[in-house]
There are 2 protein chains.
Amino acid sequence: MRAGDRAYVTLREEITNGDLPAGTVLGEVEQATRLGVSRTPVREAIRRLIGEGLAVRRERGVEVTEVSLDNIRELYDVRVALECQAARLAARNRDPEVFETLEAAFDDVSGLLDDRDGLRRDYYALVARFDDAIDDAVDNPYLVAAMRTVRTHLARIRHMARSDRSRLLDAAREHALIVHAIIEGNGELAAHATHVHLYNSLSHRLAKAVSLEGHTADAVSPDEGDARETA
Amino acid sequence: MRAGDRAYVTLREEITNGDLPAGTVLGEVEQATRLGVSRTPVREAIRRLIGEGLAVRRERGVEVTEVSLDNIRELYDVRVALECQAARLAARNRDPEVFETLEAAFDDVSGLLDDRDGLRRDYYALVARFDDAIDDAVDNPYLVAAMRTVRTHLARIRHMARSDRSRLLDAAREHALIVHAIIEGNGELAAHATHVHLYNSLSHRLAKAVSLEGHTADAVSPDEGDARETA
DNA sequence: TGCGCCTTCAGTGTATACACAAACGTCGTC
DNA sequence: GACGACGTTTGTGTATACACTGAAGGCGCA
């Protein structure tokens, strides 16, 4: 792997993790020293981060962007548009077998969910498979790229609103319906079920985020590092 | 302006113009020599182009991506999702005055359209104002960024399907309806009118592109260099 | 003591040197 | 004559040197 790619992956990971919080200035020399490479690959990595919107040029150097509650709403406005369309297209092109497997898994999910993080991780892995199946079925590189960008940004606010068990069970039912509609080839139902799912997801997150603001916002456990963000 | 930005703007312009056709290999040294800068800024520019999907890494170096008829359909699938949502949001947040001015302009457009390219450019400038007004009203950086990406790609296939006078008149009526719905604050109508407009736009383009394929595909006059692509 | 100018420094922008990998051509051998 | 191996060439990856800009701090003068 090239040093430039490593620097990019590392920095992006640290930003989404929160290790590099919003407002952190990304000096080329500083990051180059820290990552053990020269300025050139770091420079490339930072430029890519700026291109994705994870960092911005400021008067003095570049710094990690903020993510506010308003940003969450904005991201969901884009997400609804993209993922409803994706569901619609997936219903048109889908391979039924893939989604039948997924449907069975979502129906069985109550047996999977436990308060122990290992099992929760299994659920997130299932959602990741769901996302991949959609990406694969839509077969549209532009749409997939746009969705990936939104997912990257949403991953940053994961720690602000961690889903609880009851929300995950609801989310599983919502996913099951989306998958069912896709199997039936019912694009409109798939799109609308996606809309419903994302509305509920956003409502849950906003409630969590607001209730956390102020007292324990920074004390939320930031585990589940690589879990995909779709509950 | 920095050399890196200049290199990026120049290369992107040349790619969308068709001066650098699909498949052209973008060698760092070659482009650096041609643009009169060193490899470093050229390198940055090429990386940005790759990030946007205008270029791809190949076995040997990087080259300008292809745009096929299938790509046009894929782009419109994304465009419909994004711009319908944008119209909906614009109807919610709009400043009525801005759109009333636009509505008047679209109603008067038949007086503007002439076969002479200068007047046609005026029409494209009006559409650009429309796009800017939407971008401004939605007030969502993520959505605007996604739409800009799609527009950049669509600009590349402009020469494949140039709109004729009657299509432009129809497009003006379609735009007028979208604007009207936005003024009324009718988000659903704005979204659906956008859907109709984009459907007609795509149909027109595909018909043109198919009819051009084979005989005069490369002979289409590539003027109207900086016209925004929305008819 | 305060204000303004100058010097210095930190950091980015650009150029270039060096390293390394892959491909092509040529030469030698079978 | 053909095939294989080695050298050369071309191009990217990385590091670093140099230039320029903007800022901050210190010093001098009022």
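Residue numbering restarts at 1 for every chain, and letters A, B, ... go by the order of the sequence lines.
Nucleic acid contact for A:Arg6: none, since no nucleic acid atom lies under 4.0 Å from a heavy atom of the residue.
Rounded to an integer number of Å, the gap from A:Ile46 CD1 to C:dG11 P is 13 Å. We find that CD of B:Glu28 is positioned 11 Å from C1' of D:dT14, with the value rounded to whole Å. A straight line from CZ of A:Arg57 to P of D:dG22 spans 14 Å, rounded to a whole angstrom. Rounded to whole Å, atom C1' of D:dT10 lies 20 Å from atom CZ of B:Arg58. Atoms CZ (A:Arg43) and C1' (D:dT16) sit 14 Å apart, rounded to a whole Å. Put simply, CG on A:Leu35 is 15 Å from C1' on D:dA15, counting in whole angstrom units. Residue B:Glu44 contributes atom CD, which lies 16 Å from atom P of D:dT14 at whole-angstrom precision. When rounded to the nearest whole Å, the span between CE of B:Met1 and P of D:dT21 equals 17 Å.
Two residues, A:Gly61 and A:Thr40, neighbour DNA chain C, and the one matched to the more 5' nucleotide by heavy-atom proximity is A:Gly61. Judged by closest nucleotide on DNA chain D, A:Arg2 is the one of A:Arg39 and A:Arg2 placed further toward the 5' end.
Looking at A:Val56, A:Thr65, A:Leu54, A:Val64 one by one, the single match for side chain to side chain contact (heavy atoms under 4.5 Å, CB included) with A:Leu49 turns out to be A:Leu54.
For the residue pair A:Tyr8/A:Glu52, the side-chain donor-acceptor check at 3.5 Å is satisfied. For the residue pair B:Tyr142 and A:Thr149, no side-chain donor N or O sits within less than 3.5 Å of a side-chain acceptor on the partner.
By the 4.0 Å N-to-carboxylate-O rule, A:Arg148 lies close enough to A:Asp135 to be salt-bridged with it.
Residue A:Ala3 places its side chain closer to D:dT14 than to any other of D:dT12, D:dT14, C:dA15. Here the nucleotide nearest the side chain of A:Ser38, chosen from C:dT16, D:dT12, D:dA15, is D:dA15.
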